Amino acid sequence: MIFLSPIQQKLSDAIKHIYDHDIAHEEIALSITRSEFEGEITFIVFPLTRVAKQKPEVIAQTLGDYLKKESQEIVADFNVVKGFLNISLTDSFWIDVLQQISKTPDYGAGNPKNKKVLVEFSSPNTNKPLHLGHVRNILLGWSCAQIQEYAGYDVIKTQIINDRGIAICKSMVAWRLFGNGDTPESTGVKGDHFVGQYYVRFEQAFKDEYENWQSKDTALEIFKKHGKEGQESAAFFKAYKNQYFNEYSELGKQAQELLIKWESGDESAIELWKQMNDWVYEGFEATYNALGVHFDSYYYESDTYLLGKDAIEEGLNKNVFYRKDDSSVWIDLEAEKLDHKLVLRSNGTSVYMTQDIGTAQKRYEDHGAEKMVYVVADEQDYHFKVLFEIMKKLKAPFGEGMYHLSYGMVDLPTGRMKSREGKVVDADDLVEEVIGEAAHQAKERGEAEELSPAERNELYRKVGLGALKYFILKVNPKKRMTFNPAESVDMQGQTGPYIQNAYVRIQSIVRRWKDMKIDAKLSSDYDAIEPAERILIQSLSNFPEELRLASENYDPSGLASYLYSLAKSYHKFYHDVRILGAEDDAAKAFRVFLSQNVASVLKKGMELLGIEMPERM
RNA sequence: GGUCCAGUAGCUCAGCUGGAUAGAGCAACAGACUUCUAAUCUGUAGGUCCCAGGUUCGAAUCCUGGCUGGAUCACCA
């Protein structure tokens with residue numbers, strides 16, 4: 001809307017002049033005229049009825065007459081439908097807008113803020129490979145980071161890796177028992193999958209052990225003693241699983257002992273733990289590479305899980321927290337409707353919250369970020385509400401700048417993903433599949449035959465990932481989404497490849513244009529623009545506003561919709577209007593110029609979504 | 001039970017701080033390639049915006065109550 005301030009100014013003047021009423025020109029709300037009506041910009045006059053003491057139609061007509069008379073260089077025409085004043089702007093106005101857009105370096109970018117914003121995303125556990133849920137997280141986090149950077153912030157992309165605890169110990173135990181010294185290298189299995197296999201192996205062995213045990217005398221006695229009346233033994237043992245793990249299981253004992261050894265710094269435990277995690281990280285890096293993302297810093301729970309205790313002490317002194325008789329520490333958030341929440345156990349050890357408080361402080365010390373964005377699934381909404389409230393009460397310098405980019409779970413058409421039942425979509429498989437599908441479709445179409453094998457693979461990668469990323473990012477983050485694998489590789493309609501295709505068409509035109517050796521600039525000889533051209537300029541003019549919304553709301557989905565609509569307008573233009581076959585050189589030059597501006601907005605916009613553009617497809 | 005989130009076409013989703021006759025894509029059907037890349041374009045068909053009240057010139061949008069689905073409410077992470 002930045003280009004519309006002259007119109008706002010004129011309207012403000014008109015209202016002052018005719019009705020003697022003051023409205024600051026920034027306050028004049030203009031909207032885009034719906035396509036079924038004549039005009040481009042609409043001013044809604046209903047709110048003026050009180051001031052003007054006239055019927056809406058009369059007000060709109062009066063303002064329209066005034067504008068047309070006083071601002072001929074901008075306002076070409078107008079029409080009134082009920083209380084809607086639809087304004088048609090002059091061609092020269094739109095051409096001037098295009099001129100301004102083309103002259104703006106980094107069009108749509110925000111001014112440098114000299115503020116750091118830290119974006120945390122991905123944040124996996126190290127006992128299994130990344131899956132579809134992580135993919136949504138990673139794409140959202142990456143895009144959000146790109147958008148903040150373009151908005152003028154200094155962005156630090158980071159994660160918190162859960163590299164410790166009972167889960168990784170399970171993998172370690174299984175590897176010791178069944179691994180025979182195998183490694184990812186010796187087996188050719190990618191590191192994260194390799195370690196994940198041992199986690200699964202442990203769970204299987206544990207399940208067998210547990211089932212075996214259930215027919216033993218000890219088990220029968222426990223069932224007799226603790227089972228509820230009429231309860232089936234199967235149901236009882238299902239519920240008893242955790243207790244069995246903790247008290248009777250041989251495997252459980254081994255895993256727990258390993259955890260205790262690790263915590264006490266036992267050398268062999270630490271060595272194995274490091275080895276397995278290194279394998280996993282190597283695998284993760286490969287997946288991040290495949291997805292085209294990377295990080296600036298990493299935080300590991302093994303380093304941070306003891307942090308936060310100082311903050312608890314400090315909070316006690318400030319009376320933010322209180323200590324119960326059993327010496328556990330709590331915060332009272334009843335006033336915020338969040339109840340009471342434990343921040344330190346009675347034995348003095350940390351809970352999750354303690355650690356997060358400490359990690360946030362450490363990050364501030366390390367990076368000086370005043371804003372922190374956490375990309376974490378919506379099941380942790382409550383946790384982050386509490387965390388942010390605590391940081392505010394502790395008066396942390398970044399307390400007001402914390403944001404939880406909460407996103408909904410990803411369901412499959414068959415229902416929820418369930419890792420226990422093996423119903424998960426693996427991230428590596430997914431990437432491979434979408435690229436394979438892109439290759440398949442390109443071959444069927446016979447495109448890209450003149451490209452080298454390397455160029456061809458690069459193309460398939462860009463198109464396949466473009467489809468996948470767009471499919472996920474177009475959905476509003478906070479909504480739960482259904483991931484249909486078949487639809488995710490669609491390349492027609494509202495998809496990534498559709499937008500890439502608009503860009504590719506422009507590149508093709510530009511290549512031919514260069515051969516024609518005509519000056520590629522605006523000519524004053526071309527002054528009567530086509531509707532399709534005007535629509536494109538109008539759409540280009542909305543880019544900064546879309547970026548502002550995406551940045552302020554930490555939401556790329558609106559940007560994704562916008563880029564689709566721009567691409568759609570371009571495809572329509574391409575179909576309706578001859579570009580290189582235009583009637584004269586001035587028209588050719590104008591259309592190529594316009595196309596180039598469309599291409600650069602499409603490319604930048606997609607880049608902010610983390611999607612690359614191919615030059616041909 | 002308390003709290004939070006979601007509910008829009010057969011399916012997947014838009015609809016921004018309230019604006020005109022609620023929009024796309026997919027799927028279905030009918031068309032357009034001797035012409036800048038048809039991964040495109042054009043058309044047809046498809047709706048109780050979960051329900052009921054309220055606020056006002058005007059409500060899919062805001063408020064209240066209900067219904068449905070999900071999440072969460074551990075000295076778990």
Side-chain angles (χ1 to χ4, degrees), chain A residues 29 31 33-37 42 44 46-47 49-50 56 81-84 86 125 162 164-167 242 301 305 324 326 328-330 337-339 341-352 355 377-383 385 406 408-409 411 413 416 438 441-442 444-445 447 463 467 471 474-476 478-484 486-488 490-502 504-513 545-546 549 552-553 555 557-558 560-561 564-565 567-568 570-572 574-582 588 591-592 595 616-617:
Chain A
S31 49
T33 307
R34 298 182 52 149
S35 56
E36 59 265 39
F37 299 98
T42 294
I44 298 166
F46 290 110
T49 48
R50 281 210 189 96
V81 182
K82 291 188 271 184
F84 298 88
N86 299 323
N125 295 340
N162 183 8
R164 62 171 286 277
I166 196 73
N242 270 339
E301 288 199 353
Y305 80 112
K324 279 191 180 175
D326 65 3
S328 59
V329 182
W330 297 72
K337 293 173 94 175
L338 293 170
D339 214 336
K341 191 80 189 170
L342 177 90
V343 293
L344 198 68
R345 291 194 188 102
S346 53
N347 64 9
T349 56
S350 316
V351 288
Y352 202 33
Q355 193 187 130
D378 63 8
E379 58 193 355
Q380 292 195 38
D381 283 356
Y382 178 73
H383 175 80
K385 275 184 190 165
S406 164
M409 295 285 171
D411 291 320
R416 296 195 60 161
Q441 295 207 24
E444 219 168 48
R445 201 167 277 114
E447 300 287 350
V463 174
F471 184 77
K474 72 175 181 183
V475 181
N476 187 326
K478 71 180 174 192
K479 286 197 177 178
R480 225 182 151 86
M481 70 173 287
T482 309
F483 184 87
N484 186 327
E487 286 175 16
S488 74
D490 262 353
M491 303 192 182
Q492 271 136 34
Q494 192 179 0
T495 65
Y498 175 96
I499 300 169
Q500 290 172 325
N501 186 232
V504 162
R505 282 179 146 180
I506 296 171
Q507 297 318 301
S508 173
I509 282 182
V510 169
R511 281 194 296 270
R512 286 165 188 275
W513 167 253
E545 178 71 4
E546 295 293 343
L549 287 171
E552 283 176 10
N553 300 330
D555 175 8
S557 66
S561 302
Y564 168 70
S565 121
K568 190 176 156 132
Y570 190 80
H571 279 305
K572 172 84 174 141
Y574 183 91
H575 183 269
D576 288 356
V577 178
R578 305 298 305 161
I579 300 167
L580 297 180
K588 287 178 197 171
R591 287 172 190 165
V592 171
S595 297
R616 43 184 104 216
M617 65 195 285

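In this text, all values refer to a predicted model and were calculated from it rather than measured experimentally. Each chain gets a letter, A, B and so on, in the order the sequences are listed, and its residues count up from 1. Every heavy atom of this structure was used, including side-chain atoms; hydrogens, water molecules and symmetry mates were not.
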*State which of B/C41, B/A77, B/C26 makes the closest approach to the side chain of A/His571.*
B/C41

*For RNA chain B, whose closest nucleotide is more 5', that of A/Val351 or that of A/Tyr382?*
A/Tyr382

*Using the ring of A/Tyr305 (Phe, Tyr or Trp, six-membered ring only), decide whether A/Arg164 places NZ or CZ under 6.0 Å from its centre and within 45 degrees of its axis.*
yes

_What is the distance, to the nearest angstrom, from the CG atom on A/Asp339 to the C1' atom on B/U72?_
12 Å

*Tell me: CG of A/Asn501 to C1' of B/A38, nearest whole Å?*
9 Å

*Among B/U35, B/A39, B/G25, the nucleotide that comes nearest once only the side chain of A/Tyr564 is considered*: B/G25

*Any idea which of B/A39, B/A24, B/C76 is nearest the A/Ala442 side chain?*
B/A39

*asked:* Counting only side-chain heavy atoms from C-beta out, which of B/C36, B/U37, B/A71 sits nearest to A/Arg616?
replied: B/U37

*B/U42 and B/G19: how far apart are their P atoms, nearest whole angstrom?*
27 Å

Extract from the structure each pairing of a protein N or O with an N or O of nucleotides 54-63 of chain B at less than 3.5 Å, listing the distance.
{"from": "B/C57", "atom 1": "OP1", "to": "A/Arg50", "atom 2": "NH2", "distance (Å)": "3.4"}

_What is the separation between atom CD on A/Gln492 and atom C1' on B/A39, rounded to the nearest whole Å?_
5 Å

_Nearest-Å distance once atom C1' is located in both B/A27 and B/C4_ = 35 Å

*Decide yes or no on side chain to side chain donor-acceptor pair (under 3.5 Å) for A/Thr482 and A/Asp411, but give the supporting numbers first.*
CA-CA 5 Å; A/Thr482 309; A/Asp411 291 320; 5.3 Å; no

Expected rows: protein N/O vs nucleotides 8-18 of chain B N/O, under 3.5 Å:
{"from": "B/C13", "atom 1": "OP1", "to": "A/Thr482", "atom 2": "N", "distance (Å)": "2.7"}
{"from": "B/A14", "atom 1": "OP1", "to": "A/Asn476", "atom 2": "N", "distance (Å)": "2.6"}
{"from": "B/A14", "atom 1": "OP2", "to": "A/Lys479", "atom 2": "NZ", "distance (Å)": "3.0"}

*If we take the C1' atom in both B/A74 and B/C13, what is their distance in whole Å?*
37 Å

*To the nearest Å, give me how far apart NE2 (A/His575) and C1' (B/U42) are.*
7 Å

*C1' atom, B/U61 versus B/C50: distance in rounded Å?*
15 Å

*For atom P, what is the distance between B/U56 and B/G18, given to the nearest Å?*
15 Å

_A/Lys478 or A/Ala438, whichever maps to the more 5' nucleotide of RNA chain B_ = A/Lys478

*Just compare B/A39, B/A20, B/A38 and give me whichever is closest to any side-chain atom of A/Arg445.*
B/A39

_By the 4.0 Å heavy-atom rule, please label A/Arg416 as base, sugar-phosphate, or nothing._
sugar-phosphate

*asked:* If I take atom CZ in residue A/Arg511 and atom P in nucleotide B/C36, what distance separates them, rounded to the nearest angstrom?
replied: 14 Å

*asked:* Expressed as a whole number of angstroms, how long is the span from A/Glu36:CD to B/A22:C1'?
replied: 11 Å

*Say you pick atom P in B/U72 and the same atom in B/G47; how far apart are they, in whole Å?*
37 Å

*On the ring face of A/Trp330, is A/Lys324 found with NZ or CZ under 6.0 Å from the centre and within 45° of the axis?*
yes

*Nearest whole angstrom, please: distance from the C1' of B/U35 to the CZ of A/Arg512.*
11 Å

*What is the distance from atom CG of A/Asn501 to atom OG1 of A/Thr495, rounded to the nearest 0.5 Å?*
9.0 Å

*Starting from P on B/U35, measure out to OH on A/Tyr574 and report it in whole angstrom.*
11 Å

*Has A/Phe84 got its ring stacked on B/A20, by the test of a centre gap below 5.5 Å and a plane angle below 30°?*
yes

*asked:* At less than 3.5 Å, do the side-chain atoms of A/Asn86 and the base atoms of B/A20 form a donor-acceptor pair?
replied: yes

